[in-house]
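For reference, the structure discussed in these notes is given below.
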Amino acid sequence: MDTTSIKNLFKLKSVPIEKQEEQLPKAEINTNEESSEESRKRTYHESGYRDSSRTSGNHSTLSICLDAVYSKFQNEEKEMVEKQQKLKESYINEQKNRETEIKALTVSQETKEEQLKTKNKEIEDHQNSIENLKSEILDLPRNPEKYNVKATKGASAKFWIGLILLIPITLYLATFYISTSYSAFFKSFDAKSTVIQSVLDANAWMKAWNDGFIEVAFVTLIPFVFLGLGFLIHMFGENKTKVNYVKLGMLFLITFVFDSILAYEIESKLYELNKTFDSPLFDLKIAFTKIQFWGIIFAGFIVYIIWGLVFDFVMKEHREKDRIRSEQEIRQKKVLSLSEKITALKHEIEEITANIGNIKELIIKTRGRTEELQNIIDGVIIPTKDYKLYASEYVQGWITFIGEKIAVSKTEKQTMIDSCIETYNTNLETVGANSDTQNLVYLSAL
């Protein structure tokens, strides 16, 4: 009952003292028909009336009496086993739910920890695989057969040696065919020049440049014809078939014929410079008897064959390197793939670790709440709304005595009543019962 209700109650009961005895109830109460709650309320009311009569309604004494009333109320509540069980029922159910939740969280935590172990084991395996792959990448060029790679050991060194030899041979062929083609087709021979000067002209390209575009283009591009023929030797040698052998023979024949033409043209011009009236016309029969004719042929043809063979060797060695490099690249791709997997696994591990941390935190909170519930179940629940009801009855009895029996002025009496009400409210605040919701409970240990 709030302060205004109590004040209104005693405003109605404040009557002259000489008439108070006439207004006391005369009817007897049938205790058999009275409920236990009403009986309990009446008992508190009578106790308040009686205690007030003993202390002349002193509000300071009321504070001590209310503490005693609260202790009495606690003891009464302790003895009400069925009521305590009913009050604790919701807490017991919540505790069961919390325990079930803890079990589920524990299972989830164990599952997450097992996942964490699995992920860490995967990372460890991937890291070991990466180390093995890196070792294989370094060891492949030295021991290709160890990894079932069909490549010749030491192919890299052979490749570089062949390439170094190929460069000067290529320069020689370019120089030789530029000079001989210019001498054979465009150069005017001088009788004072030696044979070597006539065949190998150091200024052949510059003279062709001065002669015109056709001449310089011809002598510049003709070496590439022979280089292309050398490349075809390599290509036809890749597939060892009868057709390719025939093609290879044709290439050699064409090259030999072309070199023979160059040699014949040069030798015929030299022959014309030195012939006399008795000299026969120059022909193949005479050309075959000239040393310079065969020298020009073999100076180009033999070197051309050497170039083709060296080029073929370099390409084969390069293919060996490609096999090793290809295997290295395959392993390097595997390394990158495993590294990406490790990064993804680490990200998953971070998420799992965070989840485990959250689960542990939730378990701790839930266990804390379970312990709180256990303390409530082990203790005594004091229903504050009930205490407030009986405490108000006690105070009403206290104030009833003041209103009926204290012979003071109306103002003083009202002051006493206000002080008692204030003491009552302070007591409610102290025990935690003065709540607007009226649904709070107070826990007291057994």
Side-chain angles (χ1 to χ4, degrees), residues 1-3 35-45 47-48 51 62-114 353-396 421-446:
M1 184 178 294
D2 56 20
T3 303
S35 66
S36 60
E37 183 179 350
E38 291 297 327
S39 176
R40 192 178 181 190
K41 287 167 65 177
R42 181 172 56 79
T43 300
Y44 275 87
H45 187 92
S47 296
D51 292 343
L62 175 62
S63 177
I64 298 172
C65 291
L66 283 173
D67 290 339
V69 167
Y70 184 67
S71 297
K72 176 187 175 183
F73 178 78
Q74 284 182 312
N75 292 329
E76 290 174 350
E77 292 295 324
K78 291 177 184 179
E79 300 301 326
M80 298 179 181
V81 178
E82 292 183 1
K83 184 177 181 180
Q84 285 295 310
Q85 289 178 347
K86 185 175 181 180
L87 289 171
K88 293 176 182 178
E89 185 176 350
S90 62
Y91 297 102
I92 292 172
N93 291 334
E94 184 183 353
Q95 186 186 47
K96 290 179 180 178
N97 293 334
R98 295 290 183 178
E99 288 174 350
T100 303
E101 185 179 348
I102 288 174
K103 289 179 181 178
L105 289 171
T106 302
V107 171
S108 178
Q109 178 184 342
E110 291 174 354
T111 303
K112 295 292 183 182
E113 288 176 347
E114 193 64 31
T353 304
N355 289 335
I356 291 174
N358 293 334
I359 291 171
K360 287 182 178 179
E361 184 178 352
L362 189 56
I363 289 175
I364 291 171
K365 290 181 179 179
T366 307
R367 282 177 177 167
R369 176 57 181 166
T370 303
E371 291 175 0
E372 291 177 2
L373 293 170
Q374 188 61 47
N375 290 334
I376 293 174
I377 294 169
D378 292 341
V380 177
I381 297 176
I382 308 300
T384 57
K385 62 179 181 179
D386 290 354
Y387 169 72
K388 190 172 183 180
L389 174 64
Y390 297 122
S392 68
E393 288 292 337
Y394 181 86
V395 174
Q396 285 182 46
I421 293 172
E422 184 178 352
T423 301
Y424 164 72
N425 288 327
T426 301
N427 176 260
L428 294 181
E429 292 288 345
T430 302
V431 300
N434 196 14
S435 173
D436 293 335
T437 62
Q438 297 285 306
N439 292 322
L440 299 177
V441 294
Y442 178 77
L443 177 64
S444 176
L446 285 169

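Computed over heavy atoms, backbone and side chain alike; hydrogens, waters and symmetry mates excluded.
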To the nearest 0.5 Å, tell me how far [X] [atom1] sits from [Y] [atom2].
X	Y	atom1	atom2	answer
Thr426	Leu62	OG1	CG	10.0 Å
Tyr390	Lys41	OH	NZ	7.5 Å
Asn97	Thr366	CG	OG1	11.5 Å
Arg42	Glu393	CZ	CD	11.0 Å
Ile363	Gln109	CD1	CD	4.5 Å
Thr106	Glu99	OG1	CD	11.5 Å

Validation row: [X], [Y] side chains within 4.5 angstrom (heavy atoms):
X	Y	result
Glu110	Glu114	no
Gln396	Tyr424	no
Thr423	Val395	no
Asp51	Tyr394	yes
Glu429	Asn425	no
Glu77	Tyr387	no

Notebook entry, point to check: Can a salt bridge be assigned to the pair Glu82 and Lys86 using a cut-off of 4.0 Å between side-chain N and carboxylate O?
Noted result: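 Between Lys86 and Glu82 there is no salt bridge, as every charged N stays at least 4.0 Å from the carboxylate O atoms.
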(message) Between the side chains of Glu372 and Arg369, is the shortest nitrogen-to-carboxylate-oxygen separation below 4.0 Å, so that they form an ion pair?
(response)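 Yes, Arg369 and Glu372 are salt-bridged.
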Could you go step by step and tell me if Glu371 and Arg367 meet the salt bridge (charged side-chain N to carboxylate O under 4.0 Å, His left out) rule?
CA-CA 6 Å; Glu371 291 175 0; Arg367 282 177 177 167; over 6 Å; no
Worksheet item: Closest approach of Thr370 and Gln95, non-hydrogen atoms and distance?
Response: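 Scanning both residues, the minimum pair turns out to be O-NE2, 3.7 Å.
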Any donor-acceptor N/O pair, Ser47 side chain to Thr43 backbone, under 3.5 Å: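 Side chain of Ser47 to backbone of Thr43: a pair is present.
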* Asked: Is a side-chain donor or acceptor of Asn93 paired with a backbone partner of Glu89 at a separation under 3.5 angstrom?
  ->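 Yes, because the side chain of Asn93 sits within donor-acceptor range (under 3.5 Å) of the backbone of Glu89.
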Give a yes or no on this: more than 12 heavy atoms of other residues, nucleotides or ligands lie within 6.0 Å of atom CD of Glu422.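 No, not enclosed.
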- [ ] Mark yes when over 12 heavy atoms from residues, nucleotides or ligands other than Lys83 sit less than 6.0 Å from its NZ; otherwise mark no.
- [x]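 Above 12, so yes.
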